Amino acid sequence: MTLDLTPDELLSTTRAVRKRLDFTRPVPRGLIEECVDLATQAPTGRNRQRWHFLVVTEESRRGAVADIFRRAVATGGGAPVNEHDLRRMYAHPGSMERIADGFQHLYDNIHRVPAFVIPAVEGRTDRASVLDQSMTWGSILPAVWSFMLAARARGLGTVWTTAQGPLERELAQVLGVPYDEIMLAAFIPLAFTIGTDFRPARRVPHEEVLHWDHW
């Protein structure tokens, strides 16, 4: 059963869900499979279909993965934000405080999330050219976004995180992934949502990001 959402509503209300994940309800395998079936209808470079989706639901393995998540977050990582990032991040008062509160809630309860979805792609982009990077990421990102939209339509919540990054090799080992051949692209908690009444986010106006004919 899917929610009664128009395409525009689905696109504008598929949120990063952290505080409203329902930790008490398991996610049926069939629902996840439906979402993956839709995800793999996404465009893929040269029709190579190099995508993979690792789903972790078994309790002890979820515990091991949750531990990696917490330790990876503690490493920090990621390039520092610049003044333009900061201006946009804090353009709407209270938004970053809500995000920080939601992240802390997810961090504290990550072991309770009923399913982790870890999208992966064949081929690594370490030290690759921009062309090779764009071809690889362009073949997994559309599929993952389709997965997240399909999940939202079924009353499920997701949030794209990059927590796998700092400890990707360790996570790959825990999951039996051949690290040298497969890149773990993201770390996505998945659960039913507490309520389904999500709203569009407040963003900077399109005049700041839309360019016609030149920069």
Side-chain angles (χ1 to χ4, degrees), residues 8 11-21 42-43 45 51 66 68-110 113 116-121 123-149 151-152 157-172 179 182-190 198-215:
D8 284 0
L11 288 167
S12 63
T13 65
T14 300
R15 304 260 58 84
V17 185
R18 301 177 183 91
K19 291 194 75 172
R20 293 176 60 181
L21 295 173
W51 43 46
I68 293 173
F69 174 92
R70 288 200 178 101
R71 287 189 287 111
V73 167
T75 68
V81 297
N82 59 40
E83 60 179 304
H84 299 296
D85 296 326
L86 289 170
R87 178 182 57 80
R88 290 184 291 257
M89 289 163 64
Y90 291 92
H92 301 290
S95 59
M96 287 306 298
E97 289 78 5
R98 288 190 295 273
I99 289 172
D101 184 51
F103 175 79
Q104 186 63 53
H105 178 78
L106 179 63
Y107 179 89
D108 292 341
N109 293 279
I110 192 67
V113 175
F116 299 128
V117 178
I118 301 166
V121 61
R124 302 200 60 83
T125 60
D126 311 80
R127 296 174 295 279
S129 68
V130 171
L131 174 61
D132 287 339
Q133 290 183 53
S134 62
M135 291 175 66
T136 299
W137 287 98
S139 290
I140 185 62
L141 282 166
V144 178
W145 181 232
S146 290
F147 178 92
M148 297 168 82
L149 290 169
R152 160 68 171 145
T158 59
V159 53
W160 175 291
T161 86
T162 53
Q164 85 292 346
L167 298 178
E168 183 196 359
R169 188 183 292 273
E170 181 180 348
L171 181 59
Y179 175 84
I182 303 293
M183 184 166 59
L184 304 182
F187 183 100
I188 300 177
L190 177 72
F198 293 90
R199 296 176 296 178
R202 299 176 71 185
R203 301 297 196 205
V204 297
H206 71 252
E207 288 83 2
E208 291 194 29
V209 298
L210 179 61
H211 309 270
W212 289 102
D213 296 327
H214 62 87
W215 187 262

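Fair warning: this is a prediction, and the values are worked out from it, not measured in the lab. Numbering starts at 1 and runs along the sequence shown.
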Engineer: Suppose we screen for side-chain contact (heavy atoms from CB on, under 4.5 Å). Which residues come up paired with Ala163, at least two apart in sequence or across chains?
Structural biologist: Phe69, Val73, Thr161
Engineer: Hey, are the side chains of Thr75 and Arg71 touching, using non-hydrogen atoms and a 4.5 Å cut-off?
Structural biologist: no
Engineer: Taking side-chain hydrogen bond (donor to acceptor under 3.5 Å, both in side chains) as the test, write out the residues that go with Ser134, two or more places apart.
Structural biologist: none
Engineer: Filter on side chain to side chain donor-acceptor pair (under 3.5 Å), then keep only pairs touching residues 204-215, sequence neighbours left out; what's left?
Structural biologist: Arg87-Glu208
Engineer: To the nearest 0.5 angstrom, please state how far the CD1 atom of Ile110 sits from the CD1 atom of Ile68.
Structural biologist: 12.0 Å
Engineer: Taking atom CD as the centre, does Glu97 end up with more than 12 heavy-atom neighbours from other residues, nucleotides or ligands that are less than 6.0 angstrom away?
Structural biologist: yes
Engineer: Go through the structure and list residues passing side-chain contact (heavy atoms from CB on, under 4.5 Å) with Ala201, not counting sequence neighbours.
Structural biologist: Arg15, Arg203
Engineer: Measure the shortest side-chain to side-chain distance between Gln164 and Ile118 over non-hydrogen atoms and say whether it is less than 4.5 angstrom.
Structural biologist: no
Engineer: Going from CZ on Arg152 to CZ on Phe198, what distance comes out if it is rounded to the nearest 0.5 angstrom?
Structural biologist: 6.0 Å
Engineer: Tell me, please, which residues at least two apart from Ser12 pass side-chain contact (heavy atoms from CB on, under 4.5 Å).
Structural biologist: Pro200
Engineer: Identify, with sequence neighbours excluded, every residue that meets salt bridge (charged side-chain N to carboxylate O under 4.0 Å, His left out) alongside Asp132.
Structural biologist: none
Engineer: Taking the side chain as every heavy atom from C-beta outward, state whether Leu171 and Phe187 have any atom pair closer than 4.5 Å.
Structural biologist: yes
Engineer: Taking salt bridge (charged side-chain N to carboxylate O under 4.0 Å, His left out) as the test, write out the residues that go with Arg88, two or more places apart.
Structural biologist: Asp85
Engineer: Answer yes or no: is there a side-chain heavy-atom contact under 4.5 Å between Thr158 and Val117?
Structural biologist: no
Engineer: Run the side-chain hydrogen bond (donor to acceptor under 3.5 Å, both in side chains) test against Arg199 and tell me which residues pass, sequence neighbours left out.
Structural biologist: none
Engineer: Taking side-chain hydrogen bond (donor to acceptor under 3.5 Å, both in side chains) as the definition, give me every residue that meets it alongside Asp126, ordered by chain and number, with sequence neighbours left out.
Structural biologist: Arg124
Engineer: Got a sec, which residues hit side-chain hydrogen bond (donor to acceptor under 3.5 Å, both in side chains) with Arg18, two or more places apart in sequence or on another chain?
Structural biologist: none
Engineer: Can you list every pair that meets ring-ring contact (aromatic ring centres under 6.0 Å, His included) and has a residue in residues 80-101, with sequence neighbours left out?
Structural biologist: none
Engineer: If the condition is side-chain contact (heavy atoms from CB on, under 4.5 Å), which residues does Leu149 pass it with, not counting sequence neighbours?
Structural biologist: Leu10, Leu11, Thr14, Trp145
